[in-house]
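Both ligands and their constituent atoms are indexed starting at 1 by order of listing.
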Amino acid sequence: MPETLPLTLPDRATLLAIAAEVGTPVYVYDAAVIERAYRAFAEGLAPHPHAIHYALKANSTLALLRLLRTLGAQADANSGGEIEVALRAGFIPDQIVFTGVGKTGDELDRAVSLGVKAINAESPGELDRIASRAVALSTTVRVALRVNPDIDAKSHPHISTGLKTNKFGMPLEQVRQLYRDHARQPGLEPVGLHIHVGSQITSLDPLRRAAERAVTLGRELRDDGIQIEHLDLGGGLGISYDGTPVPTPAEYAAAILPAVRDTGFSIIVEPGRALVGAAGTLLTRVIDVKQYADGLRFAVLDAGMTELMRPALYGAFHRIIAVSPREGLEQAYEVVGPLCESSDIFGRDRRLPPLEVEDVMAILDAGAYGSVMASSYNRRPLLPEVLIDQPSRDYKHNDTTTRSRDEPGRRHWRVIRRRQTIDELLSTEV
Ligand SMILES: Cc1ncc(COP(=O)(O)O)c(C=O)c1O
């Protein structure tokens, strides 16, 4: 029997209360799990000057951002929209790095005029566009060029970004010359280098090698008289979706820190999934059960690829459990969503207790790349989100617009985003 990790799941009574009161489908996050993950990064990286810029793309619901900010996180924004959300969550421009494979003129204008901590530029052309905006505004913009280190993250091809054939950044061997030619122009202050090799990386080797390459290149830039301050090593640390142990944030820190020790470079890391992934559960109900003559048995849920796209998009695996398992022998189910798409499947051949309509199910480890990727395909309103709120001593929320529940024996929770109505869904249509 392979070693498996325990489920990070809130207690079942709390989940059932949320399903009953808020309805399903609904995302439920556990603040304590986020806090634990954040502290693991912070403690692991403590021996070296560092900043943890949470990657908003993983989940940018305001209440989670506020929680992470209060814990000490800064922000990695991947679009103009994410910059605005970061500001509304209370991050100041000096806490925001702006990344993105293609940035529009408007997005650059905003980032330049805000004076963000760094713009991670993707190309010489983008450096030039940033410079001309900075000069027009009589300001100087802190920039880092994204380097494509040609490292195989050994992750899913859709979330590997550090290979030569990927669209991200500029090839390693061109970067030194690009800094000489483009980063020293008026309006730019080259402050760093940026590397991100992919997501859901479960082997430390690619992350260690990326750090080593960044250090080598940073030293070469110094030899050229370009005094960068930081190496932004991106995000990418994976989580365990199937219970198999994966490297912890402490092990990640231990893998990358030797490369940067005594270099004089501070580091930025941009974790997303590893901070919020395991903290999120998608609660959903069975809305139909059927069996074909050949034995194939389906459980149709009220959540589908519109609520959690990862299985349809990447063939991703998520554990699925019945929140109140019924007595009886386990049976094999095809666990599917209600949408008119054959890829709308959460799990094939899953051994589950007997299921009946209205049973509440939990799809685990759905905190990252879940709600942010939700869509209203099939005119399905966006689903609500709930935070099980176990504040640390210094964390106070003053959000009075949300409901809260304090019940004996259950954990405190509150709605942090309510369900969209059909009127809201249609509100932009003329
Ligand atoms: C530039 C950048 N930084 C950080 C992240 C966050 O990655 P992860 O959620 O795997 O930590 C991503 C996501 O792919 C990214 O593209």
Subject >> Check against salt bridge (charged side-chain N to carboxylate O under 4.0 Å, His left out), Arg88 and Glu84 >> reply: CA-CA 6 Å; Arg88 288 182 199 203; Glu84 300 309 326; 5.4 Å; no

Original post:
At under 4.0 Å between heavy atoms, which part of Ile201 makes contact with ligand 1: side chain, backbone, both or neither?
Top reply: neither

Original post:
Using a distance-only test with no angle check, is there a side-chain donor-acceptor pair under 3.5 angstrom linking Asp205 and Ser203?
Top reply: no

Original post:
Do any N/O atoms on Asn78 end up under 3.5 angstrom from N/O atoms on ligand 1?
Top reply: no

Subject >> Interatomic distance, Ile256 atom CD1 to Leu207 atom CG [nearest 0.5 angstrom] >> reply: 7.5 Å

Original post:
Which of the atoms in ligand 1, numbered in the order shown and given with their element, are less than 4.0 Å from a heavy-atom of Gly235?
Top reply: 4 (C), 11 (O)

Subject >> Option set Gln200, His196, Arg273, criterion heavy-atom distance to atom 15 (C) of ligand 1, minimum >> reply: His196

Original post:
What atoms of ligand 1 come within less than 4.0 Å of a heavy atom belonging to Pro271?
Top reply: 11 (O)

Original post:
How many angstroms lie between CZ in Phe41 and CG in Leu71, if you round to the nearest 0.5 Å?
Top reply: 13.0 Å

Subject >> Close-contact set for ligand 1 against Tyr369 heavy atoms, below 4.0 Å >> reply: 6 (C), 7 (O), 8 (P), 9 (O), 13 (C)

**OP:** Please lay out, stage by stage, how Asp76 and His196 fare under the test side chain to side chain contact (heavy atoms under 4.5 Å, CB included).
**Re:** CA-CA 12 Å; Asp76 169 34; His196 170 79; over 6 Å; no

Original post:
Short list, please: which atoms of ligand 1 are under 4.0 Å from a heavy atom of Gly272?
Top reply: 8 (P), 9 (O), 11 (O)

Original post:
Which is it for Glu270 and ligand 1 at heavy atoms under 4.0 Å: side chain, backbone, both or neither?
Top reply: both

Original post:
Of Arg310, His318, Arg319, which is the lone residue that meets side-chain hydrogen bond (donor to acceptor under 3.5 Å, both in side chains) with Asp365?
Top reply: Arg319

**OP:** For Ala55, counting its heavy atoms only, list the atoms of ligand 1 lying under 4.0 Å from any of them.
**Re:** 4 (C), 5 (C), 6 (C)

Subject >> Proximal ligand 1 atoms for Thr99, defined as those under 4.0 Å from one of its heavy atoms >> reply: 1 (C)

Original post:
With a 4.0 Å cut-off on heavy atoms, is Gly236 touching ligand 1?
Top reply: yes

Subject >> Name of the residue among Arg184, Arg176, Arg219 meeting side-chain hydrogen bond (donor to acceptor under 3.5 Å, both in side chains) with Asp224 >> reply: Arg176

Original post:
Looking just at side-chain N and O atoms, do Asp302 and Thr284 make a donor-acceptor pair shorter than 3.5 Å?
Top reply: yes

